[in-house]
Amino acid sequence: MSEKENKQRFYLTTPIYYVNDVPHIGHAYTTIACDALARWHRMRGDDTRFLTGTDEHGQKIQSAAEKRGMTPIQLCDEVVTNYKKLWEVLDISNDDFIRTTEERHIHVTRYFFQKLMESGDIYMGTYEGWYCTPCETYFPDAQVGDDKICPDCKRPLTRMSEESYFFRLSKYQDALIEHYEAHPDAIMPRSRYNEVMSFIRSGLQDLSVSRTTLKWGIPVPGNDRHTVYVWLDALINYISAVGYPEKGEKWETCWPNVRHMVGKDIIRFHSVIWPAVLMAMGLNPPVRVFAHGWWTVEGDKMSKSKGNVVNPFEMADIYGVDAFRYFVLREVPFGNDGDFSELALVNRVNSDLANDMGNLLNRTLQMIEKYRDGKLPPSSVFDRSSDIDSALRNLAVSTLADMDARMDDFSLDGALKALWTLIGAGNKYIDETQPWKLGKDDPDERLDIVLLTLWEVLRFVAMLVHPFIPNTAARIHAQLGLAGNPSEERYPDWNWGKLTGEVMVKKGEVLFPRIDIPKWKIGYDARMKARQVALDPAADKEASAAFDAEHKPQIEIDDFSKLEIRVAKIESVESVEKAKKLYKLNLDLGFERRVIVSSIREFFTPEDLIGKKILVLCNLKPAKFRGIESNGMLLAAEADDGTGEIISLATVDDSFPPGAPVH
Ligand code: ME8
């Protein structure tokens with residue numbers, strides 16, 4: 001296959017995420033999967049563009065902003081930074097980030113609407129139906145049961161009637177069926193294709209595409225009383241981000257090759273409404289819409305009220321970005337639902353990353369250092385390879401093709417499995433060739449061949465694993481003694497044995513230290529307890545007593561210096577409603593004012609506290625207690641005097657100013 005024949009164009013999008021809340025594992029999952037695909041295609045040398053962004057209009061955002069006493073755009077500007085920061089932390093290589101409040105998007109949305117009104121595909125009518133506010137969707141009577149709850153989210157529906165513009169979705173029913181019959185790969189996996197086809201065949205109704213009740217949206221051209229339905233607005237992002245309607249080079253290379261990755265809950269918007277709108281505009285429908293499954297957490301539905309929402313920042317912080325990326329991509333057949341459990345993640349790290357991949361690298365580099373002083377044998381030794389060596393080489397080369405085919409089907413887990421077959425074969429090759437014996441008996445050629453074969457396998461592994469765990473791939477690459485980064489490699493040039501000149505390996509730190517499960521469990525249990533406390537502060541006492549009962553391990557001075565402890569003056573004290581143990585303390589920290597929520601109400605009256613200069617840990621991550629954000633923790637001694645628990649706050653002389661540091 002020549003590079004030219006094989007070269008593709010690949011434009012890939014994530015859904016754009018609502019900015020009414022912080023990102024969770026669902027958002028991270030789609031984006032990591034897209035990142036792996038985009039990196040894979042760049043490595044193939046394909047013309048690749050990868051888009052993500054945020055969905056910033058609509059009722060959800062307006063309500064969330066009202067709740068927080070902000071304007072919608074203030075909320076958007078604040079929350080969008082969480083997404084951007086997360087993509088940086090997770091090594092996401094998006095080429096663009098679109099916000100639907102950007103002018104480049106707004107004008108394209110209005111253009112679409114205007115064109116569709118002119119062609120008659122959008123017309124004015126009256127809508128009466130059942131409306132789900134959280135889903136921002138109307139449901140026709142036929143889809144609503146006697147209980148009048150939303151068929152999707154199961155929350156109560158409201159009967160609404162309003163003047164509305166409609167999109168003639170019904171007109172495109174036959175064209176959609178025809179299109180999908182001709183392109184069975186346009187919706188994947190197959191089960192979703194079948195689901196969408198039967199939905200289309202059951203009959204499509206025209207779709208309400210404007211709202212008079214909502215202010216926070218894009219005004220309909222020529223009729224400011226209406227805003228554009230948020231889903232139509234959102235879908236258009238995929239096209240406004242590549243320069244439509246000017247249609248420059250970005251447009252030409254991207255649009256005919258667009259693939260959308262979405263969660264299974266939003267497949268219909270992408271595979272029914274969106275292609276019909278595109279057809280109405282005379283544009284090609286997406287080449288593919290792929291719907292992935294949903295994560296549960298430890299067997300339970302993820303929900304804020306249960307306090308089990310998986311925070312991707314936290315996972316990356318505790319386990320490392322690549323362990324998290326690897327786990328979500330490998331654990332579940334892509335397209336199926338899966339269950340997230342930290343223990344399962346730890347087991348994957350230990351078995352796949354530390355054991356299989358880490359050992360192959362360590363054993364190989366150790367031997368090259370021990371027997372060849374770190375220097376790589378010349379590739380001419382391959383001329384005398386025997387069958388066992390060639391078999392491993394052939395496997396490395398065919399793994400590339402095997403993974404490529406799986407990535408074409410978006411089978412990310414399948415591609416990783418194929419790669420781990422190669423890694424397993426590399427470890428088995430060491431066991432079978434027993435280089436340590438060759439090292440003793442035959443210091444020359446046979447050992448050279450074995451060491452170089454292993455080194456080449458690892459070079460392939462670094463390149464093949466790079467789209468999934470880019471940072472680890474770069475570390476392997478560097479330890480192999482290679483310059484540059486695997487992200488710069490283009491695979492038509494990988495040729496086995498291509499290396500000339502002298503390469504010195506540089507064995508470095510272990511890639512993934514094994515996680516000691518009993519030790520890990522202690523930390524895990526403490527975190528779960530803390531989570532419960534955040535949900536129910538009454539559990540706080542129990543948690544802290546259990547924690548204090550144990551002595552803690554020794555720490556370094558550096559550990560201590562991470563704590564920012566300062567003097568704070570208590571300015572005022574308020575009782576927290578419906579929480580008999582909690583006070584809200586308003587503090588003066590010298591450089592700013594702070595709120596801390598603390599469970600000391602049963603020990604002090606407000607008068608005991610006001611004016612006191614106390615010590616506060618002030619760089620603790622914020623936590624919410626009964627809806628109040630607490631920024632820090634006060635320091636206190638705690639004991640039992642026989643009658644019950646007593647508490648004494650850590651205080652300083654009145655001469656100390658608020659904000660004074662404590663070392
Ligand atoms: O739907 N597991 O945005 P969004 C896996 N703005 N994926 C999950 C998940 C879970 N437990 N929970 C949510 C929107 N998701 C719209 C998109 S696109 C033009 C507009 C996924 O922030 C969900 O399937 O609510 C969806 O794909 C994504 O998170 C975005 O959710």
Side-chain angles (χ1 to χ4, degrees), residues 12-34 51-64 75-76 79-80 82-83 86-87 97-101 105 108-109 112 132-137 152-153 192 209 216-218 228-241 258-275 277-278 286 289-304 306 308-312 315 327-329 331-341 412:
L12 182 65
T13 69
T14 72
I16 48 170
Y17 304 114
Y18 286 127
V19 285
N20 57 334
D21 215 338
V22 290
H24 57 62
I25 185 178
H27 306 117
Y29 185 45
T30 326
T31 314
I32 290 171
C34 286
L51 174 72
T52 187
T54 40
D55 190 353
E56 305 192 356
H57 292 122
Q59 190 62 50
K60 275 190 219 263
I61 315 297
Q62 188 173 298
S63 309
L75 177 78
C76 296
V79 180
V80 76
N82 292 330
Y83 280 96
L86 181 61
W87 305 150
F97 187 106
I98 187 154
R99 303 178 55 181
T100 54
T101 47
H105 172 75
V108 180
T109 304
F112 254 66
C132 175
T133 309
C135 296
E136 312 206 35
T137 308
D152 287 344
C153 76
R192 300 287 164 212
V209 287
W216 182 237
I218 299 178
V228 177
Y229 172 44
V230 66
W231 263 102
L232 179 61
D233 163 357
L235 289 161
I236 292 171
N237 91 86
Y238 301 130
I239 214 161
S240 57
V258 60
R259 287 145 172 98
H260 301 307
M261 173 82 75
V262 298
K264 64 179 183 180
D265 53 320
I266 55 175
I267 182 91
R268 281 187 201 166
F269 292 102
H270 287 80
S271 58
V272 181
I273 299 172
W274 181 226
V277 168
L278 289 165
V289 178
F290 190 103
H292 65 68
W294 268 39
W295 289 97
T296 49
V297 181
E298 313 278 358
D300 216 352
K301 192 169 181 269
M302 189 165 77
S303 90
K304 260 178 144 177
K306 288 190 188 133
N308 66 351
V309 176
V310 178
N311 174 353
M315 291 302 105
F327 176 76
V328 295
L329 297 177
E331 187 68 2
V332 179
F334 200 64
N336 291 7
D337 291 337
D339 186 49
F340 185 88
S341 116
L412 294 131

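Whatever order the structure lists ligands and atoms in, that order sets their numbers, starting from 1. Just so you know, residue 1 is the first one in the sequence shown, and it goes up from there. As the structure is a prediction and not an experimental result, all values here were calculated from the model.
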Enquirer: Report each N/O pair between ligand 1 and the protein that falls under 3.5 Å, naming both atoms.
Expert:
unit_1	atom_1	unit_2	atom_2	d
ligand 1	2 (N)	W295	N	2.9
ligand 1	6 (N)	I16	O	2.8
ligand 1	6 (N)	D55	OD2	2.8
ligand 1	11 (N)	W295	O	3.1
ligand 1	22 (O)	Y18	N	3.1
ligand 1	22 (O)	H27	NE2	3.1
ligand 1	24 (O)	D265	OD1	2.5
ligand 1	24 (O)	W294	NE1	3.0
ligand 1	27 (O)	G263	N	3.0

Enquirer: Keeping the roles fixed (side chain from N237, backbone from R99), state whether a donor-acceptor pair exists under 3.5 Å.
Expert: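 Here the side-chain-to-backbone pair does not exist.
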Enquirer: What residues, two or more places apart in sequence or in another chain, satisfy salt bridge (Lys or Arg N to Asp or Glu O under 4.0 Å) together with R268?
Expert: none
Enquirer: Can a donor-acceptor pair be found, under 3.5 Å and without considering hydrogens, that links the side chain of H105 to the backbone of D233?
Expert: yes
Enquirer: Is a side-chain donor or acceptor of Y83 paired with a backbone partner of Y18 at a separation under 3.5 angstrom?
Expert: yes
Enquirer: Checking the side chain of D337 only, and the main-chain atoms of W295 only, is there a donor and an acceptor separated by less than 3.5 Å?
Expert: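 No.
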Enquirer: Return yes if some donor-acceptor pair links the side-chain N/O of T13 with the main-chain N/O of T52 below 3.5 Å, else return no.
Expert: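 Not at all, since once roles are kept as given, no pair shorter than 3.5 Å links the two residues.
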